[in-house]
Amino acid sequence: MKNFDIDKVRADFPLLKREVNGKPLVYLDNGATTQKPKVVIDAITGYYTDINSNVHRGVHYLSQISTDAFEVTRRKLRDFIHAKEDYEIIITKGTTDSINLVAQCYGKAFIQEGDEIVISAMEHHSNIVPWQMLCDEKGAVLRVIPMDKAGVLDQAVYAELLSAKTKIVAITYVSNALGTINPIKEMIQLAHQHGVPVLVDAAQAIQHMQLDVQDLDVDFLVFSGHKMYGPTGVGVLYGKEKWLNAMPPYQGGGDMIKDVTFAKTTYNELPFKFEAGTPNIEAGICLAAAIDYINDIGLDEIKAHEDALLAYATEKLNAIQGVRVIGTAAQKSSVLSFVVDGVHPYDIGVLLDKLGIAVRTGHHCAQPIMDQFEIPGTVRASLAMYNTKADIDTFIAGLNRALTMLL
Ligand code: 7TS
């Protein structure tokens with residue numbers, strides 16, 4: 001067991017010290033984005049102070065340094081998710097960018113009229129809309145795995161949905177609006193029995209639990225840097241080499257080519273085939289500091305801390321009259337979504353904000369979930385490694401205060 005020292009962790013995040021509306025900040029919107037530790041902030045300043053230069057282009061000293069640093073991040077990402085090869089890590093702008101890349105490129109190569117794409121009822125819009133766009137373009141059909149009232153996917157229906165027509169399955173590991181952890185290993189195994197590859201959206205998993213793409217045998221895995229204590233504007237597409245090689249490039253431009261003439265262009269090898277143009281160099285390089293930071297603390301320690309906090313917060317929340325938790329699966333991670341009878345989620349969010357408590361309200365870019373539960377949205381508190389029982393106590397007290405004003 002490494003040392004999980006919550007006071008030390010909190011001290012590493014400068015923004016947590018600030019006040020909001022005259023109150024000490026209680027930041028519970030980590031599902032949207034996490035705060036950054038000082039090592040990441042320092043890395044960003046250090047990048048611009050010492051090494052700013054374009055990658056993969058120059059022979060000069062600084063360009064070599066920034067290229068090397070960018071590739072260090074790729075190796076750290078490979079190790080972080082236990083991928084086999086560096087070049088199976090494509091550095092993108094984020095989860096949304098990664099999913100669009102797969103939808104477009106896998107779609108071009110493998111999707112035809114009448115084919116089926118399977119997603120689930122609890123996807124973020126970014127794992128729905130790119131597939132809908134592809135279906136519209138190709139005349140393919142979107143099939144949706146339903147979920148029950150607890151927010152658990154129906155595995156029997158999933159098994160029935162898989163057929164010779166299915167060409168890809170795209171599911172989230174952890175729901176951003178419900179917190180449900182899906183049994184993706186089993187779901188991947190089932191898809192593979194039908195010869196179908198699986199994309200897993202790990203945007204809400206990567207910062208909370210250990211992932212091993214080889215153990216999962218997942219075909220594509222996507223996530224964002226900014227939700228894992230790293231910079232915004234960088235993310236990852238992990239893809240098995242065989243799929244990435246079989247897919248055409250996403251965008252054309254610099255770096256993704258081997259040779260260009262007006263008659264014909266040949267494409268670069270992996271991973272550069274999918275990395276056209278100047279990437280977000282600063283974010284790419286500084287994501288390494290976030291990975292180091294997480295590794296130093298340990299994902300098992302982070303998970304244990306967050307799970308205990310989730311259990312504590314769930315109990316406190318359930319004790320408040322009129323509160324209905326949305327998403328009550330047995331397997332959950334770090335998300336508490338709820339509604340209160342007779343009160344609009346937005347009004348609760350505004351009053352909590354006056355108390356310095358940051359939560360998100362609304363549909364959380366998962367409108368179909370809200371439709372299923374017949375609610376306009378929820379109030380969502382989402383946890384990170386730096387949250388404390390004291391944060392939860394302040395949040396619960398704030399909620400009680402808000403409800404006395406609203407009810
Ligand atoms: N998939 C899931 C499961 C997500 O939670 C999000 C962002 C995305 C994809 C998209 O990630 P991006 O980095 O490309 O934007 N989720 C949220 C959220 O829950 N609140 O704000 C953003």
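As the structure lists them, so they are numbered: ligands from 1, and atoms in each ligand from 1. For reference, positions follow the sequence shown, starting with 1.
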**Asked** Do the charged groups of Asp215 and Lys185 touch, with an N to O distance under 4.0 Å?
**Response** yes
**Item:** Ion pair check, Asp307 and Lys332, cut-off under 4.0 Å
**Value:** no
**Request:** Considering the heavy atoms of Ser126, write down every atom of ligand 1 situated less than 4.0 Å from one of them.
**Result:** 1 (N), 8 (C), 9 (C), 10 (C)
**Prompt:** Counting each atom of ligand 1 from 1 as listed, which ones have a heavy atom of Thr172 under 4.0 Å away?
**Reply:** 3 (C)
**Prompt:** Given Ile128, Asn127, Thr96, which one has a non-hydrogen atom that is nearest to atom 12 (P) of ligand 1?
**Reply:** Thr96
**Interfacing atoms of ligand 1 (cut-off 4.0 Å, heavy-atom, Gln204)** = 3 (C), 4 (C), 5 (O), 16 (N), 19 (O)
**Complete:** Rounding to 0.5 Å, atoms CG (Leu310) and CG (Leu383) come to a distance of 6.0 Å
**Asked** Which class fits the ring pair Tyr106 and Phe220: parallel under 30°, tilted 30 to 60°, perpendicular over 60°?
**Response** perpendicular
**Message:** Check this for me - ligand 1, Asn176, N or O atoms closer than 3.5 angstrom, yes or no?
**Reply:** yes
**Request:** Write out the residue and atom name of the closest protein heavy atom to atom 11 (O) of ligand 1, then the distance separating them to 0.1 Å.
**Result:** Thr95 CB, 3.6 Å
**Request:** Check each heavy atom of Ala32 against ligand 1 and say whether those closer than 4.0 Å belong to the side chain, the backbone, both or neither.
**Result:** both
**Ring-face cation of Lys258 near Tyr267 (centre distance under 6.0 Å, axis angle within 45°)** = no
**Asked** Does a donor on one side chain sit under 3.5 Å from an acceptor on the other, for His56 and Thr67?
**Response** no
**Electrostatic pair Lys389:Asp393 at N-O distance under 4.0 angstrom** = no
**Asked** Heavy atom under 4.0 Å from ligand 1: found in Glu123's side chain, backbone, both, or neither?
**Response** neither
**Test: Lys76 and Asp292 ion pair at under 4.0 Å** = yes
**Request:** For atom 4 (C) of ligand 1, grab the closest protein heavy atom and report residue, atom and distance to one decimal in Å.
**Result:** His124 CD2, 3.4 Å
**Request:** Can you sort out which atoms of ligand 1 are near Ser224, meaning under 4.0 Å from one of its heavy atoms?
**Result:** 11 (O), 12 (P), 13 (O), 14 (O)
**ligand 1 contacted by Gly31 (non-hydrogen, < 4.0 Å)** = yes
**Complete:** Result for side-chain contact (heavy atoms from CB on, under 4.5 Å) between Ile171 and one of Ile119, Val118, Ile145 points to Ile145
**Request:** Measure from atom 17 (C) of ligand 1 to every heavy atom in Lys227, Lys93, His364, His226 and give the option owning the shortest one.
**Result:** Lys227
**Asked** Parallel under 30°, tilted from 30 to 60°, perpendicular over 60°: which one fits the rings of Tyr27 and Tyr386?
**Response** tilted
**Asked** Who's the nearest protein heavy-atom neighbour of atom 20 (N) of ligand 1, and how far?
**Response** Arg360 NH1, 2.5 Å
**Request:** May I ask you to check whether Arg380 has an N/O atom sitting below 3.5 Å from an N/O atom of ligand 1?
**Result:** yes
**Message:** Counting non-hydrogen protein atoms only, what is the nearest one to atom 1 (N) of ligand 1? Give residue, atom name and distance.
**Reply:** Asp201 OD2, 2.5 Å
